[in-house]
Amino acid sequence: YVRANDADGTSWPAPIVVAGSFSGSYLSFAVINGNPAISHFNNNTFDLRYVRANDADGTSWGALTTLDAANTVGSFNSLAELDGKPAISYFDETLAKLKLITATDANGSSWNPPVILHSIGSVGTYTSLCKFNNQETGLVFYDSDNGVSLYMHYKNLSAVALENIYLQSAAVADDVQLNFQVTGGDDLENLELQRSSNGWQFTTIGRVMPVSNPGIQHYQYTDRNISS
């Protein structure tokens with residue numbers, strides 16, 4: 001890690017080794033609770049790790065923490081501060097699935113178990129996680145089976161306890177039929193469906209009332225006359 005000595009970046013000190021022995025790739029950097037922090041893939045043990053500096057300048061760093069070591073996990077990770085706590089999206093290479101892990105405190109000293117966000121096909125590379133509009137969360141990732149980028153949008157990440165979201169679509173005449181399933185999310189008010197023609201401007205096309213039962217719930221929605 002290295003931070004410039006001045007605001008213009010004309011002078012730089014010697015870099016500080018945060019993780020040695022060829023252990024850090026797929027680096028993601030963010031300021032977490034005022035201090036710099038890094039998530040990365042450990043090339044030696046093939047897992048996801050996190051570390052946060054002890055001060056705002058990054059002159060001293062805390063201990064490295066392994067967050068997920070089940071399978072080959074942690075590549076294509078993206079670190080962000082969401083709802084006042086660090087969160088990381090990443091790829092589970094063994095399962096070929098998109099995962100998310102969130103901390104239980106502002107510094108990232110302890111973490112919730114990781115969850116699979118999308119598990120249809122090979123999905124979850126090139127993830128990018130961000131917060132906007134104060135509390136909403138956006139997550140972009142790549143679906144390598146279909147060669148497309150996908151987008152997930154959460155109104156309030158801390159209020160959502162979804163373990164899995166599966167989505168499939170099929171053209172039926174002039175309509176598009178959406179079949180999806182959700183695990184968890186008992187506290188959801190509704191499931192909002194949005195459509196975009198350019199990947200960044202989204203229009204709400206409908207809402208589905210969630211089923212307040214444990215386990216996997218299946219839903220279907222038809223987007224009518226989409227060709228017109």
Side chains of [X] and [Y], heavy atoms from C-beta outward: is any pair under 4.5 Å?
{"X": "L79", "Y": "I38", "value": "no"}
{"X": "L139", "Y": "L117", "value": "yes"}
{"X": "S149", "Y": "D143", "value": "no"}

Taking only residues at least two apart or on different chains, which pairs with a member in residues 50-69 satisfy ring-ring contact (aromatic ring centres under 6.0 Å, His included)? Y1-W61, Y50-W111
Residue of the set L129, I88, L67 for which side chain to side chain contact (heavy atoms under 4.5 Å, CB included) holds with N77: I88
Hey, are D175 and R224 close enough for a salt bridge, meaning a charged N less than 4.0 Å from a carboxylate O? yes
Would D57 and R3 pass as an ion pair if we require N to O under 4.0 Å? yes
How far apart are the closest heavy atoms of [X] and [Y], and which atoms are they?
{"X": "A87", "Y": "L100", "answer": "CB-CD1, 4.5 Å"}
{"X": "N44", "Y": "N42", "answer": "N-OD1, 2.9 Å"}
{"X": "G108", "Y": "A103", "answer": "CA-CB, 3.8 Å"}
{"X": "D83", "Y": "K131", "answer": "N-NZ, 3.1 Å"}

Does anything in residues 62-77 form a salt bridge (Lys or Arg N to Asp or Glu O under 4.0 Å)? List the pairs, not counting sequence neighbours. D68-K99
Let me confirm one number: the CG-CZ distance from L64 to R49, rounded to the nearest 0.5 Å. 4.5 Å
Side-chain heavy atoms nearer than 4.5 Å, only ILVMFWY residues, links allowed to pass through others: does that put Y142 and F76 together? yes
Under 3.5 Å donor-acceptor, N179 side chain and Q220 backbone: no
Hey, does the side chain of D6 reach the backbone of T10 with a donor-acceptor pair shorter than 3.5 angstrom? yes
Contacts of type side-chain contact (heavy atoms from CB on, under 4.5 Å), residue V176, not counting sequence neighbours: S169, L178, D223, I226
Residues passing the side-chain contact (heavy atoms from CB on, under 4.5 Å) test with N107, sequence neighbours excluded, are N33, R52, D105, S109
Using side chain to side chain donor-acceptor pair (under 3.5 Å) as the criterion, list what pairs up with S28, not counting sequence neighbours. none
Holding to ring pair (Phe, Tyr, Trp, His ring centres under 6.0 Å), I want the full list of residues that pass it with F91, two or more places apart in sequence or in another chain. none
Would you tell me whether T104 and N112 have side-chain atoms, one donor and one acceptor, within less than 3.5 Å of each other? no
Any chance the side chains of S78 and T127 put a donor and an acceptor closer than 3.5 Å? no
Using the ring of each side chain (for Trp, its six-membered ring), is Y26 parallel, tilted or perpendicular to F41, with breaks at 30° and 60°? perpendicular
